[in-house]
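Throughout, protein chains are lettered first and strands after them, A, B, ... in sequence-line order, and every chain is numbered starting at 1. These values consider heavy atoms only, across backbone and side chains, with no hydrogens, waters or symmetry-generated copies.
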Amino acid sequence: MRMKNIRNFCIIAHIDHGKSTLADRLLQETQTVSDRDMQDQLLDNMDLERERGITIKSHAIQMKYMHEGEEYTLNLIDTPGHVDFSYEVSRSIAACEGALLIVDASQGIEAQTISNLYLALGHDLEIIPVLNKIDLPGADPDSVAVEVIDLIGCDKEEIILASGKTGIGIDDILKAVVTRIPAPTGDPEAPLQAMIFDSVYNPFRGVEVIFRIFNGTISKGDKIKFVNTGREYEADEIGILGLNQIPQKTMSAGNVGYLISGVKVAKEIKVGDTITHIKRPCEKAIQGFENVKPMVFAGIYPVDTTEYEDLRASMEKLQLNDASLVWEPETSAALGFGFRCGFLGMLHMEIIQERLEREFDMTVITTVPSVQFRALMTNDTYQVINAPSDMPDPTKFKHIEEPFVKASIITASEYVGPVIQLCMEKRGQIKNQVYLTAERVELQFDMPLAEIVFDFFDKLKTISRGYASLDYELKGYQPSHMVRLDVMLNGEAVDALSAIVHRDKAYEWGKRLCEKLKELVPRQMFEIAIQAAIGTKIIARETVKALRKNVLAKCYGGDISRKRKLLEKQKKGKKRMRQVGNVEVPQEAFMAVLKLD
Amino acid sequence: MVQMINKELSLRKDYLQGNTQIKTIYFGGGTPSLLSDSQLDSILNTIHRNYNLAIEELTIETNPDDLSQKKLKSLKRLGFDRLSIGIQSFQEDILKFYNRAHQASESLQAISLAKDAGFSKLSIDLIYGFPNPDHRKWEQDLAIAIAQDPGHISSYCLTIEPKTALGNWADKGKFQPASEDFGAEQFEILQTAMQTSGYIQYEISNFGKEGHFAIHNTNYWRGIPYLGIGPSAHSFDGNERGANISNNNKYIESLKADKLSFEVDHLTPEDLVNEYILTSLRTIWGTDLHYLLQTYQIDLLQDKSYMIQKLNEEKLLEIDYTSLKLTTKGKLLADSIASALFI
């Protein structure tokens, strides 16, 4: 395929704005997929993704389209729609020349869409605005069109009206992709320069790398090198991505495809890395490569302590296809052996937890999530704090610093008050306030990441009745008065319940945590004191009274074995509880922190 | 049914290894006092013909309204020397709620008639934990019971079982069961009343005056083998517990075909130890540490030292280095404590 007949594009859309359905329509219209094979939302092929309606891992798919007697190759590069995966989005965007900006005609533009749109504009992508769901009764294409025009400065005529559901506008979109998005440029004869923008784990064939060639030509069997990792491979198989993989002998500049080179573990592949030839390498790596860093840390422990090795095996398997998951072994006095894990964000953490449960049948306890703090030590070095137990002795550091983000929130103007109040409660500082239209406002805050990763987004949704969207990017570290809050049961510290919290919030946190624990820890034979402490200072206390009565009245001939079995069964149930000193603590208690409202 | 019971008796005569002398017989589980004199006679005859007896206690469970002068005379003549009377309560409204056929006045009459008929070993059953606003009715019940001076009182807390009328009412919210604390207070009232009136709490739910402890029931708690006859009856031969089929028709059908129909549960040494702990802790004699050491090589005091010490500190358990006994407070938590001591 000649370069002038190739179009590489992606879709920028907010969750629920109908990206997946629209993508399905494009595949159907170009007969990439027969109607019979059509599974709803084809691009999201993990169960979890389909349920959540979020594309977690991006993929690419190639379509053929006839326009004015010429055949075109359209490569649709899918992008994840959650802030946890923003780096992957940036790499997908970098692989394209154009983007469909899909906006729900009844809802307008959301914060996530804007930040991805800016990314796309930053990469000089041609933007094709599409108003989707125009068939819905609540659709208001005129005022949403005004928002779009304000944002990207296009003409009203350039906006395509569409509906993924009914098929309106699908052909217009395909025509626009061919006529408005520029063909890729590049030199097929130059040294090979291809960017990895995704990878897919295949248990039989190893890791499949998804790439876009900017310059040069790659052939099956070539000796190749990944510039940033420095690893060398042989191109065992290359090909294009239809609905299935179609192997090719050679592929050159402008194309998008997959590569199989015997890589067994996902972490060998870095998204954003450059592929080149060993013999005739390119001069420069493609710009924009970053090592993805975890933002949220939490302990993951098996519910059943004997399943530690099983958990390790499961985590290793997960890591094969999820390079962004990092972990190291960790020991907790309360929970035994487990792992300290780093995640891209809370969604990523939930996904890992769910995948462990669904794909590996592991039941796990996840401890209080934490961001990465750092302590400026008295000797002016920084010490990283990924867990409360990493917190150094207060006499040994000057101060603690925490990561801050620049958060952008778009909401309806009537909710500006509550949103600002929420952000202040979360230690946010308002930086800017812009009216996008008379009804829609963009608010910008500097906020501690730690406050955002918890339940901020849920709260934001609640106070704005769903009319708020959030996007954020890391800004850097700032000094904060962080303290370690410990929880004790009958005087014994429960390390798994410790948390690093801001000093001003410690009392409230401690009080609520103690109250929550009181609900969750069942009455036992002895009274249980639940205390929250900062250092040696107790800041909150609750008491679980001792059980008054637990005795079954009758115990004669027919009752004895039945009763023993009942008690043994109850005791076995309790084994799933964790023993802290003489206190039995149910699993839910360790998650209590996540449920503080 | 009586025919089949007789058949089961003869088919299982070797269950307790033949030459063992049988010392106690207990007619219970339902309302055996409904059986006619001749039916009771035929069962007793079958027992005499097939078993080696040295009877020390022959008990029958009865309802107050079944105990006419005539019936009492017959029971005496048949050889019964101990009556267990299911009185439950002396409060008319509570009896009605429990759906009992008898009235409080019949209970008082039954006790007095039984005494007149020469039954010196009398036991009455009382239920507590009925959700009243206060404890007055329970205190009254106890006062009335004590005034009748039976040698033995068994008392159980009302339990709401699923799939019963009470259970359904509770599910539908028509009936609000008493709280754990309320039941605990009534149990404490029971313990105090019994103690001040000369009854010894020789087991969690059993109180007897000196010389009136139930021999048959005590043997259950001492791990002595027993044979249970009839639908749903349980047996224990020292290692296995058997449970007869509970469905009456199936029970009859099976025996008609000369077949015994019971499920056997083989007990491991651990099961036996746990059952011993469970039952012995409930008794005044407590858990015999030497017995566990000698019979099962289990040193409970060492194996469970932390828990035993903690229970002792909390004044739930007494240790005298030969046995473990529940304190008055500990008796309220007998199940939790037994479970904590399970091996």
By a 4.5 Å heavy-atom criterion (distance strictly below it), what part of [X] contacts chain A: side chain, backbone, both, or neither?
{"X": "A233(B)", "value": "neither"}
{"X": "K329(B)", "value": "neither"}
{"X": "F182(B)", "value": "neither"}
{"X": "E188(B)", "value": "side chain"}
{"X": "Y26(B)", "value": "neither"}

Decide salt bridge (Lys or Arg N to Asp or Glu O under 4.0 Å) for E519(A) and K516(A); before the verdict, give the C-alpha distance in whole Å, the side-chain angles of both, and the deciding distance to 0.1 Å. CA-CA 5 Å; E519(A) 282 170 33; K516(A) 190 81 197 166; 3.6 Å; yes
Do you know which of [options] has the most heavy-atom pairs with chain A at a distance under 4.5 angstrom?
{"options": "E314(B), E275(B), H234(B), M307(B)", "answer": "E275(B)"}
{"options": "I204(B), D265(B), L316(B), N219(B)", "answer": "D265(B)"}
{"options": "G29(B), A184(B), S155(B)", "answer": "A184(B)"}
{"options": "D271(B), L267(B), N206(B)", "answer": "D271(B)"}

Salt-bridge test for [X] and [Y]: reply yes if a basic N is under 4.0 Å from a carboxylate O, no otherwise.
{"X": "D335(B)", "Y": "K563(A)", "result": "yes"}
{"X": "E203(B)", "Y": "R282(B)", "result": "yes"}
{"X": "K549(A)", "Y": "D181(B)", "result": "no"}
{"X": "D310(A)", "Y": "R312(A)", "result": "no"}

Examine whether an atom of E568(A) lies under 4.5 Å from a heavy atom of chain B, and if so say whether it belongs to the side chain, the backbone or both; otherwise answer neither.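 Both parts, heavy atoms under 4.5 Å.
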Could you pull out the closest heavy-atom pair between F342(B) and L278(B), with the gap in Å? CE1-CB, 4.3 Å
How are the rings of Y202(B) and W221(B) set to each other: parallel, tilted or perpendicular (split at 30° and 60°)?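 Answer is tilted, since the angle falls between 30° and 60°.
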